[in-house]
Enquirer: 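Sharing a structure, written as structure tokens. Questions coming.
Model, not experiment: these values are computed from the prediction.
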Amino acid sequence: MASVGPSTASTQPALPSGPAVFKTIPYAFILPEIICGTWVWIFVAATSVSLPLLQGWVMYVSLTSCLISLLLLLSYLLGFHKNSENWKVLDSLYHGATAILYLSAAVLQANATITSEFSPNSPLYYQLNCVASFFAFLTAFLYILHAFSIYYQ
């Protein structure tokens, strides 16, 4: 007679490794986060950073987030997580905190956009700041989606 005991199989879905990262929600958001965050940094840098206090924070958040997200993506691609549940907590905390920081940076970039409307180099810098604001809010939204997707997974 076979005994029926508790299942040894985990009810939690396995963390993806390798190319499966790009096919699994919320981990598929990492690459768009990196790309959009890079665009934020590029467009803000193209404005010659006329408001260093505001745009300095935007550049810091975008560059730091891009680098850390790239390291996180590489660790998922190479399988460093070894399917540990701690990685889900780390990923959720990182993306939640980064979403808050990116939202603050997006608001500051929007303020810099409004301020640049009346600068001497108005048309070019204003347009660059508009695009940077758009990508900053888009990136913040991607980080929020990622954080909540992990939380509700």
Side-chain angles (χ1 to χ4, degrees), residues 2-47 49-116 128-153:
S3 66
V4 178
S7 173
T8 58
S10 176
T11 58
Q12 296 286 338
L15 293 173
S17 293
V21 171
F22 300 114
K23 300 175 189 170
T24 310
I25 298 291
Y27 308 102
F29 290 133
I30 295 176
L31 191 59
E33 291 164 0
I34 294 169
I35 292 169
C36 290
T38 303
W39 280 115
V40 171
W41 188 82
I42 289 170
F43 285 122
V44 172
T47 65
V49 190
S50 56
L51 300 164
L53 190 58
L54 300 178
Q55 292 179 306
W57 177 250
V58 176
M59 291 181 75
Y60 171 76
V61 169
S62 64
L63 188 59
T64 305
S65 300
C66 283
L67 292 176
I68 294 173
S69 293
L70 184 62
L71 290 174
L72 192 60
L73 177 63
L74 288 175
S75 65
Y76 278 123
L77 287 173
L78 298 175
F80 288 152
H81 55 75
K82 299 195 189 315
N83 211 18
S84 171
E85 287 298 313
N86 294 335
W87 277 83
K88 281 188 177 181
V89 174
L90 171 78
D91 195 279
S92 180
L93 288 174
Y94 165 70
H95 281 89
T98 306
I100 293 169
L101 293 176
Y102 236 109
L103 203 52
S104 73
V107 169
L108 289 175
Q109 180 57 37
N111 186 13
T113 301
I114 293 167
T115 307
S116 73
L128 289 171
N129 279 321
C130 283
V131 175
S133 295
F134 171 77
F135 277 108
F137 280 105
L138 179 64
T139 308
F141 180 68
L142 286 170
Y143 276 104
I144 290 168
L145 276 178
H146 190 127
F148 277 112
S149 296
I150 287 220
Y151 182 73
Y152 287 114
Q153 188 178 28

Enquirer: As an exercise, state the distance from CG of L90 to CG of L72, rounded to the nearest 0.5 Å.
Expert: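 One finds 6.5 Å between CG of L90 and CG of L72.
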Enquirer: By side chain to side chain contact (heavy atoms under 4.5 Å, CB included), which residues pair with L103, not counting sequence neighbours?
Expert: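 Side chain to side chain contact (heavy atoms under 4.5 Å, CB included) list for L103, sorted by chain: F137, A140.
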Enquirer: Using every non-hydrogen atom in the two residues, find where A105 and V58 come nearest and quote the distance to one decimal.
Expert: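 Residues A105 and V58, closest heavy atoms: O-CG2, 3.2 Å.
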Enquirer: Under 3.5 Å, which donor-acceptor pairs link side chains of residues 29-41 to any protein atom two or more places apart or in another chain?
Expert:
| unit_1 | atom_1 | unit_2 | atom_2 | d |
| --- | --- | --- | --- | --- |
| E33 | OE1 | H95 | NE2 | 3.0 |
| E33 | OE2 | H146 | ND1 | 3.3 |
| T38 | OG1 | I34 | O | 2.7 |

Enquirer: Which heavy-atom pair separates G96 from A147 by the least distance, and what is that distance?
Expert: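 In terms of heavy atoms, the two residues are closest at N-CB, 3.6 Å.
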Enquirer: What distance separates T47 OG1 from L128 CG, expressed to the nearest 0.5 Å?
Expert: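 The distance works out to 7.0 Å.
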Enquirer: Are any non-hydrogen side-chain atoms of Y94 and S69 less than 4.5 angstrom apart?
Expert: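 Yes - at least one pair of side-chain heavy atoms lies under 4.5 Å apart.
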Enquirer: Of all the heavy-atom pairs spanning M59 and A45, show the shortest one and how long it is.
Expert: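 What the structure gives for the nearest pair is CE-CB, 3.9 Å.
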Enquirer: Sequence neighbours left out, what pairs pass side-chain hydrogen bond (donor to acceptor under 3.5 Å, both in side chains) with at least one residue falling in residues 56-68?
Expert: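 Residue pairs with at least one partner in residues 56-68: W57-S104.
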Enquirer: Distance check, rounded to the nearest 0.5 Å: S75 atom OG versus L73 atom CG?
Expert: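 That separation rounds to 7.5 Å.
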Enquirer: For L54, enumerate each residue passing the side chain to side chain contact (heavy atoms under 4.5 Å, CB included) test, keeping only those at least two apart in sequence or located in another chain.
Expert: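 Applying side chain to side chain contact (heavy atoms under 4.5 Å, CB included) to L54 gives L51, L108, N111, A112.
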Enquirer: Angle between ring planes, Y143 versus Y102, binned at 30° and 60°: parallel, tilted or perpendicular?
Expert: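 Answer is parallel, since the angle falls under 30°.
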Enquirer: With sequence neighbours left out, write down each residue that passes side-chain hydrogen bond (donor to acceptor under 3.5 Å, both in side chains) with T98, or none if nothing qualifies.
Expert: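 Residues passing side-chain hydrogen bond (donor to acceptor under 3.5 Å, both in side chains) with T98: none at all.
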